Amino acid sequence: MKRVLSGIQPSGKLTLGNYIGALKNFVTLQHDHVCNFMVVDLHAITVPQNPADLREQSESVAALFVAAGIDPAKANVYMQSHVRQHAQLGWMLTTLTSMGELERMTQFKDKSAGKESVGAGLFVYPALMAADILIYNADLVPVGEDQKQHLELTRDLAGRFNSRYGDYFKMPEPYIPKVGARIMSLDDASKKMSKSNPNPGSRIALLDSPDEIRKKISRATTDSGREVKFDPANKPEVSNLITIYSQCSGLSVAEVEARYDGQMYGPFKKDLAEVVVSQLEPLQQRYHDIRESGEIRSILRQGAEKASEMAEKTLTDVQQLMGFLPY
Ligand code: ATP
Ligand code: LTN
């Protein structure tokens, strides 16, 4: 069975973008792959986090993994920081990464833009992500479009390691959905929907109440036209809403267009809100049950124990290949 690894940062409340671009695919892949899904707290601290919020968000993201349908009996669910080998391999891969490669990363450019002081962790972030993936020799990495560049760097680092120290790492492939790999902000269709955007109106959080969802969708920007037509270049806002509709209803983009042929944005948005609400309601119910049961901590512990075994083996092999003296 092929191996799958992915992670989501506990840097805020998970959004519909995280769900459609990543989480939904985690759930699909768990049935016929060996899966590791992490809450990547070490990555989250590359920008300042309030400790109490980080703790709460970490548990919340883990519970959302399970609420979204990840079965801990099928896939390991755990905290990145609980498997200490990630940070160790991350350091080793940092030494193989060039400054120029890191400077070209668009996520770094976006997140550091306009900041007076930028942490070095934000800069070396992609080397830690490469370690997350390579430590399990993952074949597939389900992510949204924005992570493609990090995956390419991971492959370059794997190749560099292999040519210097001997063929060891497999080349991981990104697993990016054809539709929904880049859900855009509701207030600005030139930016991706993001959980750390300061404007909560820019996103739908998975735990938003039905009324919040209705309000956010009714206020979402559209254009001055009137056709519900999928045309990302000329109608980016409406196309984004059609994508969300399609992903939450199971209808194809063409079917959504056909359903609203000749109708205005008002009725389309009203129905879209109900489609999103009914997609999220069962997930929210399961989320609250899981949080109340208190079972998430033991799920995380068991996940970390299993993942550590695999990670420790890789780390030992890498140390040996790089010439570290055995313990
Ligand atoms: P932050 O705003 O803190 O950077 P984020 O919302 O961008 O967070 P990440 O934790 O960086 O989320 O991403 C988790 C996963 O969700 C990644 O695979 C990422 O590609 C995917 N993802 C994030 N935003 C979107 C989006 N708008 N559309 C589709 N996929 C997304
Ligand atoms: N950089 C990713 C989060 C992440 C990740 C990973 C994704 C950290 N390690 C390993 C896939 C595989 C992001 O979503 N911003």
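Numbering of ligands and ligand atoms starts at 1, following listing order. Being a predicted model, the structure only gives us computed values, none of them experimental.
With hydrogens and angles left out, the side-chain atoms of R259 and Y245 include a donor and acceptor closer than 3.5 Å. In this structure, a donor-acceptor pair under 3.5 Å is present between the side chains of S11 and K195. For the residue pair S60 / Y287, a side-chain donor-acceptor distance below 3.5 Å is found, with atom types taken as modelled. Between the side chains of S202 and D187, no donor-acceptor pair is found at a separation under 3.5 Å.
When only non-hydrogen protein atoms are considered, atom 7 (O) of ligand 1 lies nearest to K192 NZ, 2.2 Å. The shortest contact between atom 27 (N) of ligand 1 and any protein heavy atom is with I183 O, 2.7 Å. Shortest contact from atom 30 (N) of ligand 1 to any protein heavy atom: G17 O, 3.2 Å. Annotation: atom 11 (O) of ligand 1 to nearest protein heavy atom, Q9 NE2, 3.1 Å. Scanning all protein heavy atoms for the shortest distance to atom 10 (O) of ligand 1 gives K195 NZ, 2.6 Å. Looking from atom 15 (C) of ligand 1 to the surrounding protein, the closest heavy atom is A22 CB, 3.8 Å.
The N/O atoms of G7, backbone and side chain alike, include none that comes under 3.5 Å of an N/O atom in ligand 1.
What you find for H86 and D132 is that their closest heavy atoms are ND1-OD1, 2.8 Å. Across E281 and P210, no two heavy atoms sit closer than the pair OE2-CG, 4.2 Å. S239 and K229 get closest at one heavy-atom pair: OG-O, 3.9 Å. Annotation for T97 and R160: closest pair CA-NH1, 4.1 Å, computed over non-hydrogen atoms.
Between F123 and F108, the ring center distance clears the sub-6.0 Å criterion.
When hydrophobic clusters are built by joining Ile, Leu, Val, Met, Phe, Trp and Tyr residues whose side-chain heavy atoms come closer than 4.5 Å, directly or via intermediates, I8 is grouped together with V77. The cluster map of Ile, Leu, Val, Met, Phe, Trp and Tyr, joined by side-chain heavy atoms under 4.5 Å apart, puts L151 and V40 in the same cluster.
Using modelled atom types, no side-chain atom of Q107 and backbone atom of Q149 make a donor-acceptor pair closer than 3.5 Å. Judged purely by atom type and a 3.5 angstrom limit, S246 uses its side chain to pair as donor or acceptor with the backbone of L251.
Distances below 4.0 Å separate heavy atoms of Q147 from the following atoms of ligand 1: 20 (O). Every atom of ligand 1 is numbered from 1 in the order shown, and the set under 4.0 Å from a heavy atom of K111 is 1 (P), 3 (O), 4 (O). For ligand 1, the atoms sitting less than 4.0 Å from at least one non-hydrogen atom of S196 are 1 (P), 2 (O), 3 (O), numbered in the order shown with element in parentheses. Each of the following atoms of ligand 1 lies closer than 4.0 Å to a heavy atom of A181: 28 (N), 29 (C), 30 (N). Taking every heavy atom of S194 and a limit of under 4.0 angstrom, the matching atoms of ligand 1 come to 1 (P), 2 (O), 6 (O).
Neither the backbone nor the side chain of M184 comes within contact range of ligand 1; no heavy atom lies under 4.0 Å. Neither the backbone nor the side chain of A44 has any atom closer than 4.0 Å to an atom of ligand 1 (non-hydrogen atoms only). Residue-level proximity to ligand 1 for M193 is carried by backbone and side chain together, each with a heavy atom below 4.0 angstrom. The side chain of S11, and not its backbone, has at least one atom closer than 4.0 Å to an atom of ligand 1 (non-hydrogen atoms only; side chain from C-beta on).
Within the 4.5 Å cutoff, no side-chain heavy atoms of V4 are placed close to those of D139.
With distances taken over non-hydrogen atoms, the option nearest atom 14 (C) of ligand 1 out of T243, L16, N18 is N18. For atom 20 (O) of ligand 1, the nearest non-hydrogen atom from the set D146, V61, V143 belongs to D146.
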*Kindly indicate, with the supporting measurements, whether the criterion ring-ring contact (aromatic ring centres under 6.0 Å, His included) is fulfilled by Y265 and Y260.*
CA-CA 9 Å; Y265 297 155; Y260 293 93; over 10 Å; no

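For the ligand labelled ligand 1, residue G180 lies inside the 4.0 Å heavy-atom shell.
Enumerated by chain and number, the residues approaching ligand 2 to less than 4.0 Å through a heavy atom are L5, S6, G7, Q9, V40, H43, Q107, Y125, M129, D132, I133, V141, V143, Q147.
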